[in-house]
Amino acid sequence: MSLEETLKDELNPEQYRAVTTTDGAILIIAGAGSGKTRVITYRIANMLEKGIPQSQILALTFTNKAAKEMSDRIRKLTARKLQNLTISTFHAFGVRILRQDIDKLGWRTNFSIYDETDRNALIKESARELDFTEDALDLYKIGGLFSDIKTGRKDWQSANDGYRELYEAYQEGLKLYNAVDFDDLIVLPIQLFRESPETLQRYRDRYRYIMVDEFQDTSHQQYEMMRLLADKNVAVVGDDDQSIYSWRGADYQNIINFEKDFPAVQEIRLEQNYRSTGTILAAANGVIKHNTNRKDKELWSGNGDGQPIELFMPENEAAEADFIAESILSISVEEKRTYDDFGVLMRANTQSRPIEEAFLENNIPYVMSGGTSFFERKEIKDIISYLRVIANHDDDINLLRILNTPRRGLGRATVEKLNVVADRMGYSLWEAAKAVLEAPEKESKLTEAVRVNLESFISLIEAGKNMLSGKGLSKKVKAMVDEINYYDYLISDNPKSEKAARFKYMNIESLIKSMELWENNPEHEDTSLYAYLNRITLLSRDDLDDGEEDKGKVNLMTVHASKGLEFPVVFIAGAEEGIMPHARAVEEGGDTAVEEERRLFYVAVTRARDRLLISSCRNRRRQTGTAECEPSRFLDEIPQQLVKYHEPSKELGPQDAHEMLQNMLKNLSRPRVPKL
DNA sequence: CGTCTCCAGGTTTTT
DNA sequence: CCTGGAGACG
């Protein structure tokens, strides 16, 4: 069947129009489950089929996961190699631009990208230099303020002016260390485009067709970046009801801006839901209509009613976790489902622990996506820091991190000495270290031991230049990890538990493993250290390329991470006041925040295809002990006839439940994990 | 001068 | 639980 026939066959009239309208500006309002991903992928496949070169197409997404999913699907659909097609997150696209052209803004192209941890370290460092009083330092708040300032969400006002000097020091630090932060990945390309029209024109000439997914989640800055790039063929896809990133600057008013900036825009609305049962959809509609500030629309479904939504009220989070594990085991048998048919959604990463424990106990394979990123782990950050410093010697923040990790006798006093030189000369620490070592003995004032240690550190980093080009990055990294005796360091650093040390070492091994997979993937042409680092900073753990390993496992994730995904069976864990809506959001943001929390709940509900199970604990452990919980207000907004309540099964303690499960397991013939 | 040990405090969501 | 900081110790 030709693609044309496939399109006619598989798409409804609106979808068909969205797919085949390739020229001009298009706004696609796509409700949950309305086949949005399908429309986007078919649209791109169709463009390729029509002979538009891959290189002219740019698709911008919000998460790496979405980008990956999109290119996987297009690859399947077209059976082509997609070497020149650009499907990327806004941030990754920003990196790409900066890697090419950041020299025009005064950085060097081997710049480092600072994540939250690095940024905090830099703020702390800057504060120290300015003699900021320690108690005035709430890094969380200051980081947020700096981000708001940088992206133009806030101006300096009397209330904030106290931090102005610190902000300027922070900015100077970034430049001195040849580093940029996450906001810069969007802000600097815009600045570049403004200051260098030729550069902008180059990109405009190249990307003739632009598409933006999850448009409701774009920030003003991201919108601006898109607007500058877009010539006339630009399609944006979004759903105001699924806008859940306003805390990060997302503003679905961009939809209105879009209509203003591209007056000839055609609007296409996709309101038929293909995903969920009528019951689930009715619940979702019932909830979302409590929001006042939205485009009025109602999704409809041709699917049957399906089963009622099931609501459980477990005693506490451990019982909740047991309930989820138990249900997965029984449903997978009764309905012959594989583990990857299940999605377990939660509001916050903190909820994952008991659930993971229950999965482990019951031998349920699972993947946890998002969450404390793999790359935030100390041991991983340490190794990556080495790589960053090898790529960019002037990266003080990462240099400070590894200078004495593992211990090599270069402590506070040495750093202080180097800092003095660095400050006086306007050097980075690396330059300062080199200068101090080259200076005559008297000048340097370093003890002989320190001198030797510093020299060997420097030659270690310089030896790393063999990673900059050529092949076998993973091998070289492994050799370096051995060379610095990182495993011994882990053991001495975790004296209580050799197990912990080994676990951390295994994390490093899986990092190296993923590196190996990455460099052996024929689609990745550039496998230099730079290319690797570019990619890594913007990734979270679930983006790690571990091949097919994640297939056939239960999906555990935050609601935020679940956007754009669907599962035949969905659990929503922790549907309690204080969690959903989150107490913090209610405190800080009032009604608007509750509306966003409601959209979040709406997103969670609409992930489900066939079955939706919601649990609301009656008690939950807090830092300070156990607190009683009330069911989430959103539960009351689900029409009651759709819900089947389950009384808490008090008599069945964890012990009994465990026994019951063991019995069940014995009776099962093994292969529940699907063959790949 | 560097390292070790103990203690407090912390997490909403992500690039 | 895990990280980071302060202060004691070698």
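Quick note on labels: first sequence line is chain A, next is B, and so on, each numbered from 1. Just so it is clear, the structure is predicted and the values come from calculations on it, not from any experiment.
At a threshold of 4.5 Å between non-hydrogen side-chain atoms, the residues Gln216(A) and Gln242(A) count as touching.
One atom, CZ of Arg353(A), and another, P of dT11(B), lie 16 Å apart when rounded to the nearest Å. Following rounding to the nearest Å, Gln216(A) (CD) and dT13(B) (P) show an atom-to-atom distance of 20 Å. Here dT13(B) presents its P atom at 5 Å from CG of Asn349(A), a figure rounded to the nearest Å. Atom NZ in Lys378(A) sits roughly 21 Å away from atom P in dG10(B) (whole-Å rounding). What separates CD of Glu116(A) from C1' of dT3(C) is a distance of 16 Å, to the nearest Å. Regarding Glu597(A), its CD atom lies at a distance of 8 Å from the C1' atom of dT13(B), rounded to whole Å. One atom, OH of Tyr245(A), and another, C1' of dT15(B), lie 9 Å apart when rounded to the nearest Å. Straight-line distance from the CD1 atom of Ile186(A) to the C1' atom of dT14(B): 12 Å, rounded to whole Å.
Among the nucleotides dT13(B), dG2(B), dT3(C), the one closest to any side-chain atom of Val450(A) is dG2(B). Comparing dT3(C), dT12(B), dG2(B) against the side chain of Ala348(A) picks out dT12(B) as the nearest.
Note on Thr89(A): only backbone sugar-phosphate atoms sit closer than 4.0 angstrom, heavy atoms only; bases stay farther off.
Stacking here means ring centres nearer than 5.5 Å and ring planes tilted less than 30 degrees, and by that measure Phe90(A) does not stack onto dT15(B).
Look at Thr63(A) and you won't find any side-chain N or O under 4.0 angstrom from OP1 or OP2 of dT15(B). OP1 or OP2 of dT14(B) lies within a sub-4.0 Å distance of a side-chain N or O belonging to Thr558(A). Applying the 4.0 Å criterion to OP1 and OP2 of dC2(C), one finds that Lys381(A) has every side-chain N and O outside that range. At dG5(C), one or more side-chain N or O atoms of Lys124(A) fall inside 4.0 Å of OP1 or OP2 (strictly under the cut-off). A sub-4.0 Å separation between OP1 or OP2 of dC1(B) and a side-chain N or O of Lys417(A) is present.
Remark: the His582(A) side chain and the dT12(B) base include no donor-acceptor N/O pair separated by less than 3.5 Å. The base of dT13(B) lies close enough to the side chain of Arg347(A) for a donor and an acceptor atom to sit less than 3.5 Å apart.
Minimum interatomic distance between Cys617(A) and Cys629(A) (heavy atoms only, all atoms of both residues): O-CB, 3.3 Å.
Proximity of a side-chain donor or acceptor of Gln351(A) to a complementary backbone N or O of Ala573(A) within less than 3.5 Å is detected. The main-chain N or O of Ile244(A) is found under 3.5 Å from a side-chain atom of His560(A) such that the two form a donor-acceptor pair.
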- Protein-to-nucleotide contact annotation, 5' to 3' order, nucleotides 3-8 of chain B [B base; S sugar-phosphate only; - none; under 4.0 Å, heavy atom]: SS----
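Between Tyr203(A) and Tyr207(A), the two ring planes are parallel [angle under 30°; tilted spans 30° to 60°].
For Asp251(A) and Asn254(A), the side-chain atoms include no donor-acceptor pair closer than 3.5 Å.
Where Ala413(A) and Glu596(A) meet DNA chain B, the nucleotide closest to each residue was compared, and Ala413(A) sits on the side nearer the 5' end.
Counted within 6.0 Å of CZ on Arg353(A), heavy atoms from surrounding residues, nucleotides or ligands total 12 or fewer; the atom is thus considered open.
Contacts of Lys150(A) classified as salt bridge (Lys or Arg N to Asp or Glu O under 4.0 Å), with partners at least two apart in sequence or in another chain: Asp181(A), Asp184(A).
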